[in-house]
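Not measured: the values here are computed from a predicted model.
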Amino acid sequence: MKITLITVGKIKEKFYTDAIAEYSKRLSRYCKLEIIQVADEKTPDKASETEERQIREKEGERILAQVKDGAYVIALAIEGQMLSSEQLADKINQLGIGGQSQIVLIIGGSLGLSEAVLRRADYKLSFSRMTFPHQLMRVILLEQIYRSYRIIAGEPYHK
């Protein structure tokens, strides 16, 4: 299975890059992982609703340009479905059993995802009703994917 993360913006802090590298290394024994970063748009202070929508649309175009035909797309969105770790593992496993060879997970920028990206998504996943920094969300998502593969393989993982 190929897992692709499409994310907006660059990681600036070393502790995030170290954690991402660690989970990427751990995941390499379970799947082929690709992380694609697309450029973020600068958001002016006190941006209007229209400006924010335009920013999401520009970032969304960059995201969608990276999505391959036939990929199963999971968008991280506050309004999405909340799953337990076991349920996420089951979802990934069922997609693989069903013949899906690529799962694309999308993390938006600081303003969230465009309507076009949300429409393209096959599934919307929420980790919480709270908002998290998108850089931290990469680490959390990779950890949960790793945990999912450990669950699928029947391997122990701390709770």
Do other residues, nucleotides or ligands put more than 12 heavy atoms under 6.0 Å from Lys2 NZ? yes
Working to the nearest 0.5 angstrom, can you tell me the gap between Leu105 CG and Ile92 CD1? 7.0 Å
Which atom pair, heavy atoms only, marks the closest approach of Ala47 to Thr43? CB-CG2, 4.0 Å
Please round to the nearest 0.5 Å and tell me the distance separating atom CG of Asn93 and atom CG of Leu88. 11.0 Å
Stepwise salt bridge (charged side-chain N to carboxylate O under 4.0 Å, His left out) test for Arg120 and Asp122: CA-CA 6 Å; Arg120 171 58 183 90; Asp122 296 295; 3.3 Å; yes
Main-chain N/O of Lys10 paired to Gln135 side chain as donor or acceptor, under 3.5 Å: yes
Any side-chain heavy-atom pair from Lys91 and Gln94 closer than 4.5 angstrom? no
Using side-chain heavy atoms (C-beta onward) and a distance below 4.5 Å, is Thr7 in contact with His134? no
Other than Ile151, which residues form its hydrophobic cluster under the rule that side-chain heavy atoms must be closer than 4.5 Å? none
Ala121 and Ala75 have their tightest heavy-atom pair at CB-CB, 3.7 Å
Among Leu111, Ile63, Ile106, Leu113, the one residue meeting side-chain contact (heavy atoms from CB on, under 4.5 Å) with Val8: Ile63
Could you walk me through whether Arg62 and Glu41 pass the side chain to side chain contact (heavy atoms under 4.5 Å, CB included) test, one step at a time? CA-CA 11 Å; Arg62 292 181 190 133; Glu41 289 289 313; 2.4 Å; yes
Ile55 vs Pro44 side-chain heavy atoms within contact, under 4.5 Å: yes
Contact between Tyr23 and Ile145 at the side-chain level, heavy atoms closer than 4.5 Å - yes or no? no
Test side chain to side chain contact (heavy atoms under 4.5 Å, CB included) applied to Leu5 and Leu33, step by step: CA-CA 8 Å; Leu5 260 61; Leu33 177 68; 4.3 Å; yes
Is there a path from Phe132 to Leu118 through hydrophobic residues (I, L, V, M, F, W, Y) whose side chains come within less than 4.5 Å of each other? no
Does a side-chain heavy-atom distance below 4.5 Å link Leu27 with Ile3? no
Taking all atoms of both residues into account, what is the closest heavy-atom pair of Gly60 and Val117, and its distance? CA-CG2, 3.6 Å
Would you give the length of the straight line joining atom NZ of Lys46 to atom CD of Glu51, rounded to the nearest 0.5 angstrom? 12.5 Å
Under 4.5 Å between side-chain heavy atoms, counting indirect links through other Ile/Leu/Val/Met/Phe/Trp/Tyr residues: same cluster for Leu83 and Ile152 or not? yes
So if you build clusters from Ile, Leu, Val, Met, Phe, Trp, Tyr with side-chain heavy-atom gaps below 4.5 Å, do Leu76 and Ile36 land together? no
Taking every heavy atom of Ile11 against every heavy atom of Arg138, the minimum-distance pair comes out as CG1-NH1, 3.3 Å
With under 30° as parallel and over 60° as perpendicular, where do the rings of Tyr30 and Tyr146 fit, or are they tilted in between? perpendicular
Should Asp90 and Gln87 count as side-chain neighbours, where that means a heavy-atom distance under 4.5 Å? no
Flag the pair Arg56 and Glu59 as a salt bridge only when some basic side-chain nitrogen lies within less than 4.0 angstrom of an acidic carboxylate oxygen. no
Residues which pass side-chain contact (heavy atoms from CB on, under 4.5 Å) with Thr50, listed by chain and number, not counting sequence neighbours: Ser48, Arg53, Gln54
Assigning hydrophobic clusters by single linkage (Ile, Leu, Val, Met, Phe, Trp, Tyr; side-chain heavy-atom cutoff under 4.5 Å), is Ile140 placed with Ile6? no
Going from CD on Gln102 to CE on Met1, what distance comes out if it is rounded to the nearest 0.5 angstrom? 10.0 Å
Assess whether a salt bridge exists between Glu34 and Lys68, defined as any Lys/Arg side-chain N lying under 4.0 Å from an Asp/Glu carboxylate O. no
To the nearest 0.5 Å, tell me how far Glu143 CD sits from Leu141 CG. 9.5 Å
At what distance, to the nearest 0.5 angstrom, does CZ of Arg29 lie from CZ of Arg150? 6.0 Å
Verify whether one side chain among Glu79 and Ser126 offers a donor that lies under 3.5 Å from an acceptor in the other. no
Heavy-atom closest pair, residues Lys25 and Ser28: O-OG, 2.6 Å
Side-chain heavy atoms under 4.5 angstrom apart, residues restricted to Ile, Leu, Val, Met, Phe, Trp, Tyr: same cluster for Ile74 and Tyr149? yes
For a 4.5 angstrom cut-off between non-hydrogen side-chain atoms, does Gln81 reach Tyr123? yes
